[in-house]
Amino acid sequence: MRAGGDASMRFLASSQDEEMASLKNSSAISVSDLDPNAPSRGRDNYARLGALRTKPGRADSPPTLCMSCSDKIARWNVLGIQGALGAKVLEPIYLSNIVIGEVNEDLRETVREDCERAFWARLGDITGIVFLSF
């Protein structure tokens, strides 16, 4: 799984060595003290699930305001994928399926839960948007 953002936090934490996972999950501020509407940078604060995440996740790269892949998919589930120009002539076009490949059998349920949370469940009371299959 190579997606970035909220959908990949638990997967990344489980696949990294203990030292790196501990470093990325640590913060000078407790996760519970962070503003729930404030973004997290890349792969920092693994335990902060459901947060908007900015790219890139690498600590040695300059920060940006670009949303992670998971956040872009969540946005498309609300606004549609047609873009501003397409919205002038088309009804919103929504995703109905997302196929995620190359997930080990023992991680499939975890990845499914994380993707469902990241792509639509954290958006509130929106139903019938995403179906995940492997």
Side-chain angles (χ1 to χ4, degrees):
M1 182 172 168
R2 299 184 195 278
D6 191 55
S8 65
M9 290 299 98
R10 289 195 308 171
F11 177 81
L12 289 170
S14 70
S15 64
Q16 288 187 333
D17 63 67
E18 268 187 53
E19 183 179 351
M20 181 55 76
S22 175
L23 176 66
K24 297 306 269 176
N25 200 30
S26 65
S27 174
I29 301 171
S30 169
V31 171
S32 61
D33 292 337
L34 292 171
D35 176 357
N37 296 317
S40 280
R41 178 173 158 86
R43 296 178 177 148
D44 289 344
N45 298 313
Y46 285 143
R48 189 171 183 218
L49 301 176
L52 172 73
R53 294 189 177 273
T54 60
K55 285 185 169 185
R58 290 178 34 175
D60 62 344
S61 57
T64 69
L65 297 177
C66 188
M67 292 188 297
S68 70
C69 300
S70 298
D71 294 324
K72 289 175 186 174
I73 292 171
R75 181 185 64 190
W76 293 335
N77 279 330
V78 174
L79 302 174
I81 62 171
Q82 71 285 338
L85 185 59
K88 299 281 186 192
V89 294
L90 300 168
E91 292 294 319
I93 301 168
Y94 298 107
L95 299 171
S96 62
N97 293 288
I98 295 177
V99 177
I100 300 171
E102 298 184 29
V103 177
N104 292 335
E105 185 72 38
D106 60 327
L107 292 174
R108 287 186 182 179
E109 189 55 35
T110 299
V111 170
R112 178 186 303 274
E113 290 170 5
D114 289 347
C115 288
E116 287 176 351
R117 180 197 63 251
F119 298 158
W120 61 270
R122 66 183 170 149
L123 300 176
D125 192 20
I126 300 174
T127 58
I129 294 177
V130 176
F131 172 76
L132 298 174
S133 60
F134 294 91

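Predicted, not measured: the structure shown is a model, and the values here were computed from it.
Not counting sequence neighbours, the partners of Leu79 by the side chain to side chain contact (heavy atoms under 4.5 Å, CB included) test are Arg75. Legend: residues meeting side-chain hydrogen bond (donor to acceptor under 3.5 Å, both in side chains) with Glu105, ordered by chain and number and at least two apart, are Arg108. Scanning for side-chain hydrogen bond (donor to acceptor under 3.5 Å, both in side chains) contacts around Arg117 gives Asp6, Asp114, with sequence neighbours left out.
Interatomic distance, CD of Glu102 versus CG of Leu107, reported as 13.0 Å (0.5 Å rounding). Once rounded to the nearest 0.5 Å, the distance linking CD of Glu116 with CD1 of Ile98 reads 10.0 Å. Ile81 CD1 to Leu90 CG: the interatomic distance, rounded to the nearest 0.5 Å, is 10.5 Å.
For the residue pair Gln82 and Ile93, the shortest heavy atom distance occurs at OE1-N, 2.9 Å. The two atoms that bring Ala118 and Ala74 nearest to each other are O-CB, 3.5 Å, heavy atoms only. The nearest pair of heavy atoms linking Gly80 to Tyr94 is N-CE2, 3.6 Å.
Cluster membership for Leu85 and Trp76, using ILVMFWY side-chain heavy atoms within less than 4.5 angstrom, is not shared.
Side chains of Cys115 and Ile100 form a contact here, defined as non-hydrogen atoms less than 4.5 Å apart.
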